[in-house]
Amino acid sequence: MPKPHQVQVIKDRETQLREQQEAESKRRTYRDVKEETRKKHKKAHFEASPTPEESTSDKISLPRKRYYRQRAHSNPFSDHRLEYPRSPDDMNWEKLFPGFYDEETKQMTSSVEIADVGCGYGGLLTKLAPEFPNSLILGMEIRVQVTQYVEDRIIALRNKHEDEDVNFQNIAVLRGNAMKFLPNFFRKGQLSKMFFCFPDPHFKQRKHKARIITNTLLSEYAYVLKEGGVVYTITDVEDLHNWMVKHLEEHPLFERLSKEWEEQDTCVSIMFNSTEEGQKVTRNKGSKWIACYRRLPNPEECV
Amino acid sequence: MKHPFQIVLVNKAGTHLFASVKNHLQVFRLSDGKVVGSWIDTVDMFTPLKKQQEEKIKVLQEQNKQTEESENNEIKNESAEPAEKKSKGNDSKPIKIPKIPVPGPGAPPIYNYIRSLALSEDEKHLMGTTDSDKAAIIFKVDLSSEGNCLTLIKRQVFQKRPCAVSSDQETLIVADKFGDVYSIGIDNEAPVDEKELSPILGHVSMLSDVLVATYNDKKFILTGDRDEHIRVSNYPKSYVIKNWLFGHHEFVSNLHIPEFDSSLLVSGGGDDYLCLWKWYDNQLLSKIELRDLLLPFLEEFHLPPERFLTDESQKEISIAKILTFVSKKSQKKYIVVLAENTKCLLTFELKADNTVTHKQTLTTDFPIIDICLISENSSIIAAVDRETSDSLLEFYTLGDEDVFEVQSHTDIIQTITSANECDVEKRREFYPLYYINTLRKRSEH
């Protein structure tokens, strides 16, 4: 009988819709609560004397990813309402890395040296943190909720490991469009490593300029990288891997690092195993392609 | 009435005026206003669309071939029912010819007009860009010729709409709205298929201006974009970026390097100020405030579009043109600024210590569309937005105390205006004259 069957479907849809709405409002409530914590926590760093009891007794729980899910794609060309510094001189790094800010000299004791472009849920950041305890590592992510997740994750980690050697003070995340505003954050030759892990493949031909590795963007990456700095790329899409390799090969300021180099490099193995996307690929028994390139010196006549 | 001139350009000697209206390009001798050169763009506006269609057909044919082949393979496998099916398969699959795509009602109209014009350093070539077929056009200029002084020698089509040009001897540098910069030869050689061109540098933002600049015999490309970036790249090794010039909050629309000092750069766009730079040294010398000076000239037009209008909305300034010159009388240096759709020109004195002071606000009767400057006698030619058949230009001459005076009606202006061949019935038929402020970012997300 067709009729009851149809009713069933409609009812299901209604329930589905209701459930969806409920779930969404639940997610929102969760994120609102977290936002409160985040604000409080951020403020605490800048207020003269946060009561130490408060900050230690309130154990902040690690955020749960399912409340922050967001569509995997974002249009890098759109005029998002982004916050970015007017120039690298205007960047307030102490907000992101309060542990590396010297109250007396009012100066940062270190500057960002490693950038994870499109850091997603921050898996790579948290694994790099103990490896490079004296380097500042910045994740950049264009999706609002994903960025918030990473922020909350870092707050919780800092809170949890406050008194330990690895206290996660050297990692931070910000929402930004690295394709447009990278030079607003970093000075010429500031970075020693840049990671591009599982970037959006942008399969359609006409979307290829939206890819994170293009001839013209590589010149900007070369600008912020110091001589000898390394670009790390990993993807589970073979076409994209070939694309990235092709463009890096064509660029006169990059030179591919050998398989042997990849095998001995810690970052490569971290990148291979620790990002959320990388683990997903492993679970699905997919392949992962890696390519790493070294920043060559500028030609002599160039400034 | 005549359609106003949209771009005016003058050669260094100040003997000839190059002016564009819609798809018309004319060259006037300034001694008597005689037309010595002209060109009308007769490009088929549907060329790009037809090209798209051709490509689609090609793809379909390719696909058809492939499916046929795979079907043939299947047939080979299923040897039970051979030839009959094969022929059937072929007959039932004629290629559907896709229609030439028609832009929808909401699509922005494409105008057949010239968007930018520039003379090469030696003034032997005139270069421009067209909107209709996204092309760069290069003309040979022979002012001594008895006939038409303009000969089109190259028309290079690009994938994305080009919007600004500069040049370096035998090379044309073209910036496009997709953020990329290309270089093509200034020669008679046949244009390259646009798919084979690859950019020499690129921003992830719409470009608005491009300049080739020289410092200590080294060459650079300066690019300005719709974000607030000005980039300085080495040239020809343009993959090596020298630095960015940070100082603008809004889009950049105009870059100008004075002839009297090529280490300086004046830039302007959507901000209330201009920036004066030592571009090679990455040094912002000063910000030249404009708002107070321009405020009396800002009107309804300068408010944001309705859907972005709030109680706090200010009238917005967009810079249309920046020029510089040295006064022959006083040897003082000046900057001339035109803000979009205003009835005034501002001049500023640029002192030897690189400080800038306001000199004059020249008020005009009509909004100015474009200006150019004859350095020989420090006079300005302006294209004005006027509903008339005889005075679409105004001349401003530098009088005593380095103050400009309007010389609004001369026989030459009349002669030039009547040679303008674009007649219109009413103002509504004008092509958009003011679009710089559309570069302003109004983000909603």
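Letters A, B, ... mirror the listed sequences (proteins, then strands); counts begin at 1.
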Heavy-atom contact with chain B under 4.5 Å, split by part of A/Asp90: neither
Within 6.0 angstrom of A/Lys207 NZ, more than 12 heavy atoms from elsewhere: no
Closest non-hydrogen atoms of B/His203 and A/Lys209, given as atom of the first, atom of the second and distance, are O-NZ, 3.2 Å
Pairwise distance CD(A/Glu220) to CH2(B/Trp244) - rounded to 0.5 angstrom: 4.0 Å
Residue pair A/Lys180 / B/His229: nearest heavy atoms and the distance that separates them: O-CE1, 3.1 Å
For the student: nearest non-hydrogen atoms of B/Lys218 and A/Glu301, plus distance: CE-O, 2.8 Å
Answer with side chain, backbone, both or neither: which region of B/Tyr280 has an atom nearer than 4.5 Å to a non-hydrogen atom of chain A? side chain
Shortest non-hydrogen pair, B/Asn234 vs A/Val303, comes out as ND2-O, 2.9 Å
B/Leu201 portion near chain A, given a 4.5 angstrom heavy-atom threshold: backbone
Given that the side chain runs from C-beta out, which part of A/Tyr221 has a heavy atom under 4.5 Å from chain B: side chain, backbone, both or neither? neither
Per-residue contact mode, B/Asp225 against chain A (heavy atom under 4.5 angstrom): neither
Is A/Asn298 in contact with chain B via its backbone, its side chain, both, or neither, using a 4.5 Å heavy-atom distance? side chain
From NZ (B/Lys237) to OG (A/Ser219), nearest 0.5 Å: 13.5 Å
Tell me, side chain or backbone of B/Gln159 under 4.5 Å from chain A's heavy atoms, or both, or neither? neither
Are there more than 12 heavy atoms of other residues, nucleotides or ligands under 6.0 Å from atom NZ of A/Lys106? yes
Should A/Pro299 and B/Val240 count as side-chain neighbours, where that means a heavy-atom distance under 4.5 Å? yes
Does the plane of the ring in A/His251 sit parallel, tilted or perpendicular to the ring in B/Tyr239? Use 30° and 60° as the thresholds. perpendicular
A/Lys226 atom NZ: more than 12 heavy-atom contacts under 6.0 Å: yes
Using a cut-off of under 4.5 Å for heavy-atom pairs, which of B/Lys441, B/His248, B/Lys242, B/Arg226 has the most such pairs with chain A? B/Lys242
Give, as side chain, backbone, both or neither, the part of A/Leu217 having an atom under 4.5 angstrom from any heavy atom of chain B. side chain
Is there side-chain contact between B/Phe246 and A/Pro88, with at least one heavy-atom pair below 4.5 Å? yes
